[in-house]
Structure formats: C-alpha cells, structure tokens
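Worksheet for the structure shown next.
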Amino acid sequence: MSKANTFTLDNGLKFIVMEDHSSPAACMSLWVRAGVCDEPADKRGIAHYFEHMMFRGSLKFGPKQHTRIISNMGGDCNAFTNYDMTVYHETFPSENIEKIFELEADRFMELKLIKESADDEKKVVMEEFRVNENQPFTKALRQLFRDIGGDHPYAIDPLGTRENVESITIDDLINYYNRLYRPNNAFAVVCGDIDTAHVKDLAAKHFGRWERSNIQKAEPQVLQIKTGYLKKKLSFEVPATALAFKLPCIKDLDVPALDLISMYLGSSESSPVNDILVKKSRLCVEAGLIPIKLMNGGALVIFGAFLPPGSYEARRNKMREICDKFIASDVNSNDFAAVIKRFKSGLISARYEIVSQMYGLGGAEFRHGDFRKYEQLLEDIKSVDSSRAEKLARQLFEKDNQLELDIVPENQKWWMPLAGLAFKLFKR
Amino acid sequence: MSTKLPRAEIVRADEGATIFSYSRHDIPMVHLTLEFPGGILCEKPESPGLVDFVPELINEGPTGYQPGEWRKKLDDMAIRISSYINTEQWVLSASCLTEDVDEMILQIKQLISRPALPSSEWPRIQKARCGSMRESWAQPSYVIQILAKNHTLGKNHAYAIPSYEAAYKACEFDKITALTGKIFRRAPSVHTLIGGDISQKSANEKIKDILSSVTDGPQMQIPAPVINPSEADIWIADNKKVDQVFFVLSRGQTHSGDKDRVALRIANFLIGAGGFESRLMNAVREEAGGTYGIRSSMPEMGFDLPFSISSFTKTERFGEILGIVNNEIRSMIEKGFREDELSVARNSLYGSLPISLNHPNAVLIRASNGLRAGLSQDDMETDWLAYKETSLDKVNAAARRLLGDGNFKMTLIGNAEKIRPQIDSTRKIEIFDFNLTPDKWPN
C-alpha cells in the first residue's frame, strides 16, 4: 500500500491523498467536524437535515445537478451524519476528478438555501424518521440510548426528534452552514487513480478562496453512561441482557489496547463472547461485543439475546466471567497472535477497495488528528502486550464502571416464561 | 476511460466443473468460491425453512473435530471458510493470506468430503434461527418483501416460501442432513471461482485437487418453479402500529439472458433503479417529498421473476403518492423517456461497471453469473458497449414491456382502515392481520 501524502491550504483545509493506480477509479470525501454534538439542544436533527440540503443546489449547479453530473460519469455519491461528524463522499472514474472538485467546492462555499426547497426536503427527512420509528427494533434502540445516555448528544439519534425537526427554519439552516461549514472545520481525503500534484493544484484552484472563520463550538460534554442496574421494557421481541462498560474520551483511551481486547473477546465466531455464551453454555441464541469509541466517551457493550424461559442474571454472570477471566491473565500470547493475524488479514483485504482506504485514513484523521495512525494500525496493535491489555481491562471491567442492563420485551406477559418452562418440562 | 473490462480465465475441468480464475498479485490474498446448483430453489412448501439450515450445519466443520474446534482453528489462521445459500446455488466461500492457501484448500476438501453435520449442535442452531425470526418478523421493512413474493409468485413457489419461527421449529434434522448429502457433486454446472495472488496454472491445480474430493453422482434435481400468484389484486397486512404504508407493486416476468436485457436494464434504471436519476425517485421524493426512497427492481435469475416497485410513505398521503406513481407509469408507457434522460442512464451504467471490478471476486462472480445465463465474456463485453448505443425506441419498448398496461399487483403493510378509502375498491382485496403466520396467508 502506498503511503498517503498531505498538504494544507492557507485557509486551513487539510487534504490527505493516497494514490492507487490498480483500477481507473477514485474517491473523494469531505469530513466536516459537525454532527449531533454541535446541534442546539432544541434543534436536534439539524445536522442530518442540513446534510440533505447539501444536495439541493448551489450557485453553479441546480438542485438535481450534483447527483446527475456524478451519475452521468458513472459515479455515485452520498453522505452520512453521526454524532461528531458529517461526511460527504463520491466514487467516480478518475478522469473526472476536476469536475468533482468543482462540484464539491461550489456546494461547500456557495450552497443555495431556499425556504421552498427546505420545506420539500423536510418532508423527506420526516419520512426517513418515520420509517425508522416504524421498525420496533430500531425504535427500541433509540429509546434505550436515551435511557442510558440521558441528555448527552450521543444518546440522541442523528435523525433528531419529530418536534425539533419540524421546528427547524431556513434561518436555522443558514446559521448552521455559516457557523460550521468552514475549511478550518473540515478536511478532505482523496484516494485512487490520481496524482498528488494534480490534486494539490485542484485544491488550490477550487477551494483556495473558501474563507475560514472563528469556529465557535460548545465545550464538549463527556458522556457518562449510567452505571449500576437498569431494567427496561422495550419493543424487542426476545429478551436481551448486556453489560456496558464506560469508555473515556478517545484522547484519553489506549485505543490499540482496547481494539486488541475487543477483537480478542468478540471479533470472531470462536471468540469467547460467542463461543461461551452461544455455543458452549447455550445461554444465548445470539451474542456479541460492540466497542463504541467516540470523541467524548463511549461504551464497550457485551450483549446477548435469548429465548425464554431464562434468567437474565445467569447470562450477565456468564458475561462477567468472560471479563474476569481476561483480567486474571488467562490469555496467552498465541491467542493475541491469532487476533493480530486476523486483523492483518482484514487490513490487507481492505486494500481492494479505495473507499475502505479513504474511510480508514479519514477516520484516523478525525479521531486522532493524524491519518498516519491508519497506516500504523497493525504496528500499534502488535505493540500491545498482555500486561498493557490487562491494565486497561482492569480499569474497564471494574464493577463501578459497569451497567447491567436487562431488556424485557414489552409484549411479554408475566406468565410467558412460566408457560415456556412448563412446556419444556411437559415435553420431556 | 478504459475500453476493456477485466476478464476471468475459464477452463472446463476433466473432473467436472467449470473453473474461473483471475490473478491479481499486488495484494497477498487468495479467494475461492464453489457454487453448486440448488440453493433456495430446493425449498419445498411442505418443509419451509429447511434450506436455511443446510449452510449453518455445514459451517460447523468436517468430522473429526469437536464443536467449535474447527472454527477456532480457522480463526487462528485467519482463514475464512463459510457456506451460505443463494437463490440458485449452494455456495462455499473462502479466503486467506497467500501463505495459507494450501491449508485452506485442505480444509475445504475435508469439509466437502465429510461435513460433520453434528446433531449435538442442531438444537442450538434451530433455537438461534427461531430467535432471529421472532425479531425480524416484527419489522415491516423485512416482512413487506416476503409478503410481496408470496403474493405475486404464489405460496408454493420455491423463491417465495417464507421462513418463519414456527416453520423453523418444525424442521427435522434428518431431512436437512439428507438434503446436504446431495449437494457436493461434480458437474459442468458446478462453478469454481479462484482469484487473487495465484497464477492460473496453480489455480487450476488447486481446484482439481478440491474436485477430487467431491464424488460423482446424480446432480440434485431442481424443479423449475411455477408461478401461481394469489387471486387477489391487493393484499393488505393490517398493522395499526405504523404510521406509514409500506408497498410493493409487481407485474410481468423477466429472467437472465433475456434478448432485450440491455434495453431492459436501461429502462429499469430510468423507471426506478437509477436512484435520483429515475423518474419515480424524482416524482415521489424530489418533487412531492413523499418518501425517503422508491426503487424499481428487475431481478435477473435463471427463472422468471416479476418486475417490482417498492417504497413507503405516510399513511395519510398514500392515495396521493400512489396517484403520482400511477401517473408516472402512464406517462412512461404513453410518452416514454427523453434523450437527455437516456443519456444519463447510458453513461451511468457504462461508466460504473469498470470501477466496480476491483476485487477478484467481482470479476469472477460476474463471469460465473454470465455463463449461467448463457452469456460468454465476449457477450458481456458487447452488452457493456451496447449501453452507449441502445436507442431510445428500444428502451421505451423495454419500459412498456416492464410496465405493461400499468396494472400491478399491490402488496401493502399499514393501517387497513385508513388505506381502504385511498385505493381502488373495484379490485379484489384481501386484508389480514400483520401478525398472521405465513401458513395462513391468503391463496
């Protein structure tokens, strides 16, 4: 894999460029440091709504032209909004790179925000909201995050709330754009069949006049998930239980050690979480581990779903055993070697797709301020020895740092688990 | 813009099977896929869900290992071997770093020559499927597609037979093992795909080595599925908890290798598959703000399947949005598309293909699917070039073929009481509860 290069324009817009000439394709993304965390508390959903508006026309390109021009060249484009960022991306035949620069520069600098088109797009956003709310599982997760994370922006779905989205005005959108869509609040990643020197010229030509400003952001709040015990009735169809462990902000987190712990415990079918909870003990029908690493805190979640009857406590205790075993130094270097090999294989496989490279570099730049962290991922993981992993695990898996969570299906009647048990006994 | 697409090498093995290979030496990985005829088409109405368990049991590994032991061995070597099911094939897919390819081949040989199919794991696997289905069947977005297939293809069509919790509970382990025993056979219809950091010579040798562990024997007989749609024009699965209507409109039939396939693909793009460049997305989302997404689908399988349009919208606007869709359909039938629309579709379909063929598997699967449809790589290259040349008249004719007279079967999920006043009541309508199990769906 060739190394990425970088340069920064005078206005603060940083470019990360990685050349890959294996196919006639290129991709570009613009990462704006603006997400749910930057929304006013009474305008939840504005970051995502605004993302939609970025496709509604700019000075030189009318409302449908951005996507039309990219389609016409055989490319595709999209965007996503999450808690800390909004990312706009395209994949296209590499010969069209100048046009992509022109399109992106125009909407980032000269977006046309008009009430009529904002009202039309609001209806689309509300339909997106509805389709999520109409899936009971998704709705339940949204509720759960609120219960665990309280009023922290991380507990709020990027789609926002109905009431807030309905209340967003064109002035709100204009203010949001002017406040946050600035070169010194963003960076770009370009990968593929391109020439770095050419990209540099295009960057200066098309983005050079983008004016920086004094970005005003609220002091970030650190996420403090609930600890202790929580039982919720939600629109799940099967019972579930979880242990969630608080994670600090990324800047205070030993990320390579956490990645190693997560991969060891839960990244494959033979990892302890799946192997013990699903295969050996058969306490769960499905189980997994999810590390949620965000700029201002997060959580490491071990979860398991099961069919009744069954004790939530028994399952949580088994999860706790898995954590305690890790802390008790019951992991050998061969186990870590296997994890590292799988990780290496995944990194190598990602090289087939320039989009994977783009997200890897962009993610590292966003989280760590250094895209080279992506290039040295494997070395960083390899450098974690068992004592370093155990040290983090001890902090992480402290009982004071844990939330025990039981989810009861809201349709479950009190007698159902008993009926299930009776059926099993009778069948025997 | 490149004028040549990457190509697989294709060889017919003496041992049976067709070998597709594609070398790419800059990334030290090897990928292998074995495709045996069968798949979802083996499903029978009297035992729904059975086929889903076959790959799960195969994935438990070969004989000679304790449960979980084989999987750990592979995981420790970063070798990925996984069986899954396609519409028309049983698939075994594998990948590894170049240094481990001999071990990967050995493991594959062991697996297909003596899969363990452990009865000890059956209760766990069955329970897991039941749990997963219980959750999935509560989600309208999941159910609508299954419902639409059942409505338009008929209860007994293999592709439409739904898997659900009660069906999984009724599946019998012995029937699954009997079915599994018929899968791994040598024949020219077996496609073996191998690509990545491996030469063609070595690829052919390794495939032949694998095939030597597969027995000769009768190929699985897969009956051609028969379409027998439900009598009712409209199905409504009544769900009062949602404030949207999820809908699928279906009609007609297409299959892979159709002589008008290029024009049909362009027409499908323009109708609804082309995202923001399609008529329906433009009319329903961009202009009316009526949905987050609407798309059309023209499956290309070896058997006939209907063309469909699917979307969702706020319940109170359903009649209005349906009207917009119907108006657009009528306009496409009567007036067709414009040259400027055709130009974008052509360029998009033509330009997107070369940049999608990065991964060796993308090249190989394309060649394999093509051959199955009776198309050589030359044919597919011609198709690709034809995107640029297909006339507006041909595309409009293809659109009329897909859209017919504009009458579609309609499958809906939503509040039936609020939907009824918004639809044509002269059409035959069946209404039933969203939570009804599929065995009780209308005929």
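None of the values given here were measured: they were computed from a predicted structure. Letters A, B, ... are given to chains in the order of the sequence lines, protein chains preceding strands, and every chain is numbered from 1.
Side-chain atoms of A:Gln135 and B:Ser141 form a donor-acceptor pair, as typed in the model, at a separation below 3.5 Å.
Of the residues considered (A:Phe137, A:Phe306, A:Phe236), A:Phe137 shows the highest number of contacts with chain B, using heavy-atom pairs under 4.5 Å. When the candidates A:Met126, A:Arg130, A:Arg68 are compared by the number of heavy-atom contacts under 4.5 Å with chain B, A:Arg130 comes out ahead. Ranked by heavy-atom pairs under 4.5 Å with chain A, the first of B:Gly293, B:Ala288, B:Ala345, B:Pro140 is B:Pro140. Comparing A:Glu286, A:Lys64, A:Glu133 by heavy-atom pairs within less than 4.5 Å of chain B, the highest count is held by A:Lys64. Chain B forms more heavy-atom pairs under 4.5 Å with one residue of A:Ser117, A:Gly75, A:Pro136 than with any other, namely A:Pro136.
In this structure, chain B has no heavy atom under 4.5 Å from any part of A:Ser267. Proximity to chain A is absent for every atom of B:Asn239, based on heavy atoms less than 4.5 angstrom apart. Contact of B:Gln126 with chain A is not made at all, since no heavy-atom distance falls under 4.5 Å. Only the backbone of A:Phe92 comes within less than 4.5 Å of a heavy atom of chain B; no side-chain atom from C-beta onward does. Neither the backbone nor the side chain of B:Arg129 comes within contact range of chain A; no heavy atom of the residue lies under 4.5 Å from a heavy atom of that chain. Contact of A:Ser345 with chain B is made through backbone and side chain together, with heavy-atom distances under 4.5 Å.
The environment of B:Lys240 atom NZ is dense: over 12 non-hydrogen atoms of other residues, nucleotides or ligands sit within 6.0 angstrom. For A:Lys115, the NZ atom sits in a loose shell: 12 or fewer heavy atoms of surrounding residues, nucleotides or ligands are nearer than 6.0 Å. Residue B:Gln66 qualifies as open at atom CD: its count of foreign heavy atoms under 6.0 Å is 12 or below.
When side chains are defined from C-beta on, A:Tyr352 counts as touching B:Met29, because their heavy atoms get closer than 4.5 Å. Between A:Asn134 and B:Phe246, some side-chain heavy-atom pair lies under the 4.5 Å cut-off. Within the 4.5 Å cutoff, side-chain heavy atoms of B:Asp26 are placed close to those of A:Ser22.
Side-chain atoms of B:Glu135 come within 3.5 Å of backbone N or O of A:Glu237 as a donor-acceptor pair. The backbone N or O of A:Val285 lies less than 3.5 Å from no partner atom in the side chain of B:Arg124, so there is not a single donor-acceptor pair.
Atoms NE2 and CD, from B:His359 and A:Glu353 in turn, are 7.0 Å apart once rounded to the nearest 0.5 Å. To the nearest 0.5 Å, atom CD1 of residue B:Ile355 and atom CG of residue A:Asp193 are 11.0 Å apart. The CZ atom of B:Phe276 sits 7.5 Å away from atom CG of A:Asn78, with the distance rounded to the nearest 0.5 Å. In this structure, OG on A:Ser270 lies 11.5 Å from CH2 on B:Trp70, to the nearest 0.5 angstrom. The distance from atom CD1 of B:Ile27 to atom CD1 of A:Ile348, rounded to the nearest 0.5 Å, is 9.0 Å.
Checked for salt-bridge contact, A:Glu127 and B:Lys314 miss the test: no charged N lies under 4.0 Å from a carboxylate O. Between B:Asp243 and A:Arg162, at least one side-chain nitrogen of the basic residue sits less than 4.0 Å from a carboxylate oxygen of the acidic one, meeting the salt-bridge criterion. Classification of B:Asp75 and A:Lys341 as a salt-bridged pair fails, no side-chain N sitting under 4.0 Å from a carboxylate O.
At a heavy-atom separation below 4.5 angstrom, chain A is approached by B:Asp76, B:Met77, B:Ala78 within residues 76-84 of chain B. Residues of residues 272-284 of chain A placed with any heavy atom under 4.5 Å of a heavy atom in chain B are listed by number as A:Val278, A:Lys279, A:Arg282.
With sequence neighbours excluded, the residues satisfying salt bridge (Lys or Arg N to Asp or Glu O under 4.0 Å) with B:Glu341 are B:Arg279, B:Arg338. In terms of the salt bridge (Lys or Arg N to Asp or Glu O under 4.0 Å) criterion, residue partners of A:Glu121 (sequence neighbours excluded) are, by chain and number, A:Arg56, B:Arg285.
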